[in-house]
Amino acid sequence: METKAGKPKYQQIKELLVDSIQSGKFSNGACLPPERELCDRFHASRVTVRKAIKELEDEGKVYRIQGKGTFLNQQSNKITQVLTRLTSFTEDMHSRGMTAGSRILLTEQVAASAEIAEQLALEPGDPVILFRRLRLADGEPMAIETSYLNDKLFHPMLEKYTGGSFYSFMRDELGIMPRRAVQSIEVAVIPEWEARLLGNPSLAVALCMCRQTFDSNDRPIEFVVSKYRSDKYRLHIELYNL
Ligand code: GLP
């Protein structure tokens with residue numbers, strides 16, 4: 001349902017809930033009032049209220065405890081990355097109302113090492129494009145991303161890519177669709193120059209995510225090592241006992 005303000009009702013409820021939580025308007029501390037009360041308060045249906053809460057949950061701003069209620073996540077000042085969908089940095093930032101940016105640090109053709117060749121289904125020594133960017137959210141450094149790309153597929157980017165979402169460039173300019181990815185995460189010690197580049201010289205470790213991305217023909221198209229600021233980022237995963 002669209003409202004006069006042009007935003008869907010659930011979106012408005014989401015924003016009102018965040019405001020109310022942050023300004024301590026709910027009497028029950030960090031616990032959200034029951035669904036029924038929220039429906040009355042916002043003149044909305046249960047479906048709409050549930051949708052707003054579900055999105056807040058997906059973004060890691062609230063969490064639910066069965067039979068007890070929905071609670072404010074006290075660490076919600078960190079950016080929460082939900083690890084269930086293949087999204088780009090730009091999409092992640094947009095979904096939080098932030099502006100994504102990047103500074104290109106390096107774009108060059110190199111010979112694939114044995115490890116990179118394996119990740120991209122190439123032979124060691126085959127040409128690959130090494131592409132490194134500093135990723136920014138509302139102008140603030142968040143991550144250093146180093147991508148390795150098969151030169152045969154991505155060669156035109158050496159001249160054509162000048163900035164913006166790389167996934168959009170892939171799709172719109174090269175007709176390559178990122179379809180699925182395998183990602184591993186570990187805490188990595190970072191050198192001082194990386195901590196400085198990330199805007200926090202005292203940062204000793206980063207959340208290091210290695211992503212191997214496949215296109216719609218299941219060809220590996222990129223291998224990316226992203227080092228996210230551990231003081232700004234946290235990861236959110238939903239688990240099921242099936
Ligand atoms: C995320 C992933 C990278 C991917 C990037 C694309 O940050 N960790 O593997 O290359 O998104 O983002 P964008 O399209 O904003 O350049």
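Order of listing sets the numbers, starting from 1, for every ligand and every atom in it. All values reported here derive from a predicted model rather than from experimental measurement. Heads up: numbering here begins at 1 and tracks the sequence.
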Is it the case that Tyr167 and Glu222 place a side-chain donor and acceptor less than 3.5 Å from each other? yes
Element-labelled atoms of ligand 1 that are located less than 4.0 Å from some non-hydrogen atom of [X]:
X      : result
Glu145 : 1 (C), 2 (C), 3 (C), 5 (C), 7 (O), 8 (N)
Ser226 : 8 (N)
Tyr228 : 7 (O), 8 (N)
Arg133 : 16 (O)

Taking a cutoff of less than 4.0 Å between a non-hydrogen atom of the residue and any ligand atom, is [X] in contact with ligand 1?
X      : answer
Arg211 : yes
Ser147 : no
Met93  : no

State whether the shortest distance between N or O atoms of [X] and N or O atoms of ligand 1 falls below 3.5 angstrom.
X      : result
Thr90  : yes
Phe89  : yes
Gln183 : no
Arg135 : yes

Got a salt bridge between [X] and [Y], using NZ or NE/NH1/NH2 to carboxylate O under 4.0 Å?
X      : Y      : result
Arg180 : Asp218 : yes
Lys51  : Glu55  : no
Arg85  : Glu91  : no
Glu108 : Arg132 : no

Check this for me: Arg171, atom CZ, are more than 12 non-hydrogen atoms of other residues, nucleotides or ligands nearer than 6.0 Å?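 Result for CZ/Arg171: enclosed.
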How close does the nearest protein non-hydrogen atom get to atom 14 (O) of ligand 1, and which residue and atom is it? Ser165 OG, 2.5 Å
For atom 10 (O) of ligand 1, closest protein heavy-atom neighbour: Glu222 OE1, 3.2 Å
Tell me whether Asp40 contacts the main-chain N or O of Glu37 through its side chain, where contact means a donor paired with an acceptor under 3.5 Å. no
Ser230 side chain to Val205 main-chain N or O, any donor-acceptor pair under 3.5 Å? yes
Parallel, tilted or perpendicular, as decided by the 30° and 60° cut-offs, for the rings of Phe166 and Phe131: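 Geometry flag for Phe166 against Phe131: tilted rings.
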